[in-house]
Amino acid sequence: MNIFEKLGNAITSTFITADRWEMFVTGLGNTLKIALVATAIGVLIGVTIAIIRVYHKETGKLKILDKICGLYLTVIRGTPVLVQLLIMYYVIFSNVRNGIPVAMLAFGINSGAYVAEIVRAGINAVDKGQTEAGRSLGLNGAATMRSIILPQAIKNILPALGNEFIVLLKETSIVGYIAIMDITKAGDIVRSRTYDAFTSLISVALIYLILVIGLQAILKYVERRLGKSDRR
């Protein structure tokens, strides 16, 4: 048996036999769902925290909220995401059997801590004259932030948010610890049935690689479009 026959048999055993490709499809779907929803949660949390911290720095108000946000950032960024996921599933939501919503929330909370710093840096990068211009137009602080500062900040940090989504997509590979069928878990189950670690795990790696390359291409396209709009 030559190498091509061995490769064909390995692929057949990994994907075709017993319709094992369905596990990979299910795993891919769960991976994308968790990453997308978690990113949305992370952006919502991150933008809220960034606004609170910037507002406190500029005005001295919302001191208690700023302290809570600082504690959140310290705890979330200082502990492993796997530990946070396990605490969320086995402690906080111990009565919930469907781990997908729990994983979405856990990864969203984790991502929010990093998105907060990205957004805060984006807000601080906006020229202070923009705030003064908003005030001169009769806008209050909240309206200035919403209508003038945030749109410019979000535009500047879109590439960084895209990279955060890519990181989050790869981090979801640990959801198998709470019995969720993701891409990695599908590959591990197939490996245990075929006793062929190479084909199943390399297949998992290739799926992630294709996803990341596709997302990077989208990010580069967005960056080019943003660059063109800035030059107009």
Side-chain angles (χ1 to χ4, degrees), residues 28-58 69-70 72-74 76-78 80-82 84-85 103-131 133-134 142 144-175 182-184 204-232:
L28 176 61
N30 288 337
T31 294
L32 292 175
K33 283 191 294 186
I34 293 170
L36 286 169
V37 175
T39 299
I41 294 173
V43 169
L44 180 62
I45 294 174
V47 170
T48 302
I49 289 177
I51 291 174
I52 290 172
R53 303 205 79 194
V54 170
Y55 185 77
H56 170 73
K57 183 179 179 181
E58 293 180 350
C69 291
Y72 161 79
L73 294 175
T74 299
I76 296 300
R77 298 178 71 184
V81 64
L82 175 57
Q84 296 168 20
L85 177 65
M104 291 174 176
L105 183 59
F107 283 107
I109 292 173
N110 178 268
S111 179
Y114 298 93
V115 172
E117 293 303 292
I118 294 172
V119 176
R120 188 164 69 93
I123 292 174
N124 289 334
V126 176
D127 191 274
K128 297 299 181 183
Q130 299 292 319
T131 301
T144 300
M145 177 65 71
R146 183 178 63 253
S147 302
I148 297 177
I149 305 301
L150 271 182
Q152 296 182 63
I154 295 298
K155 183 178 180 180
N156 292 333
I157 64 175
L158 271 178
L161 290 178
N163 287 327
E164 172 63 20
F165 175 69
I166 290 175
V167 171
L168 187 57
L169 179 73
K170 292 184 291 185
E171 284 183 343
T172 60
S173 61
I174 63 174
V175 296
D182 72 316
I183 302 172
T184 304
V204 169
L206 287 174
I207 292 171
Y208 279 112
L209 182 61
I210 291 170
L211 289 174
V212 170
I213 290 174
L215 289 170
Q216 288 176 336
I218 294 172
L219 284 177
K220 288 181 180 178
Y221 173 77
V222 171
E223 288 179 22
R224 287 196 301 268
R225 291 296 298 270
L226 291 176
K228 288 179 180 179
S229 65
D230 286 339
R231 291 193 291 270
R232 290 176 183 173

Worked check of side chain to side chain contact (heavy atoms under 4.5 Å, CB included) between T39 and F107: CA-CA 8 Å; T39 299; F107 283 107; over 6 Å; no
CD1 on I49 to OH on Y72, rounded to 0.5 Å: 4.5 Å
Heavy-atom pair with the smallest gap, counting every atom of L85 and A103: CD1-CA, 3.9 Å
Shortest non-hydrogen contact between A50 and R120, atoms and distance: CB-N, 3.7 Å
Between CD1 on residue I213 and CD1 on residue I218, distance to nearest 0.5 Å: 12.5 Å
Short side-chain to backbone donor-acceptor contact, Q84 and I76, under 3.5 Å: yes
Approximate separation, where rounding is to 0.5 Å, of I157 CD1 and N163 CG: 12.0 Å
Trace of the side chain to side chain contact (heavy atoms under 4.5 Å, CB included) decision for Y114 with V167: CA-CA 11 Å; Y114 298 93; V167 171; over 6 Å; no
Sub-4.5 Å side-chain heavy-atom contact between L219 and L215: no
Considering all heavy atoms, the nearest T172-T31 contact: OG1-CG2, 3.5 Å
CD1-CG distance between I41 and N110, expressed to the nearest 0.5 angstrom: 12.0 Å
I34 and D182, any side-chain heavy atoms less than 4.5 Å apart: no
Spacing of NZ belonging to K170 relative to CG belonging to L168, to within rounding of 0.5 Å: 11.0 Å
Side-chain touch I166/L211, heavy atoms, less than 4.5 angstrom: no
Closest non-hydrogen atom pair, A116 against L73: CB-CD2, 4.1 Å
Intermediate values then yes/no, side chain to side chain contact (heavy atoms under 4.5 Å, CB included), L105 and I109: CA-CA 6 Å; L105 183 59; I109 292 173; 3.9 Å; yes
Heavy-atom pair with the smallest gap, counting every atom of A38 and S111: O-CB, 4.5 Å
Least distance between heavy atoms, K33 atom then M104 atom: O-CE, 3.8 Å
CD1-CG distance between I123 and N156, expressed to the nearest 0.5 angstrom: 11.0 Å
Within-4.5 Å side-chain heavy-atom neighbours: Y208 and T184: yes
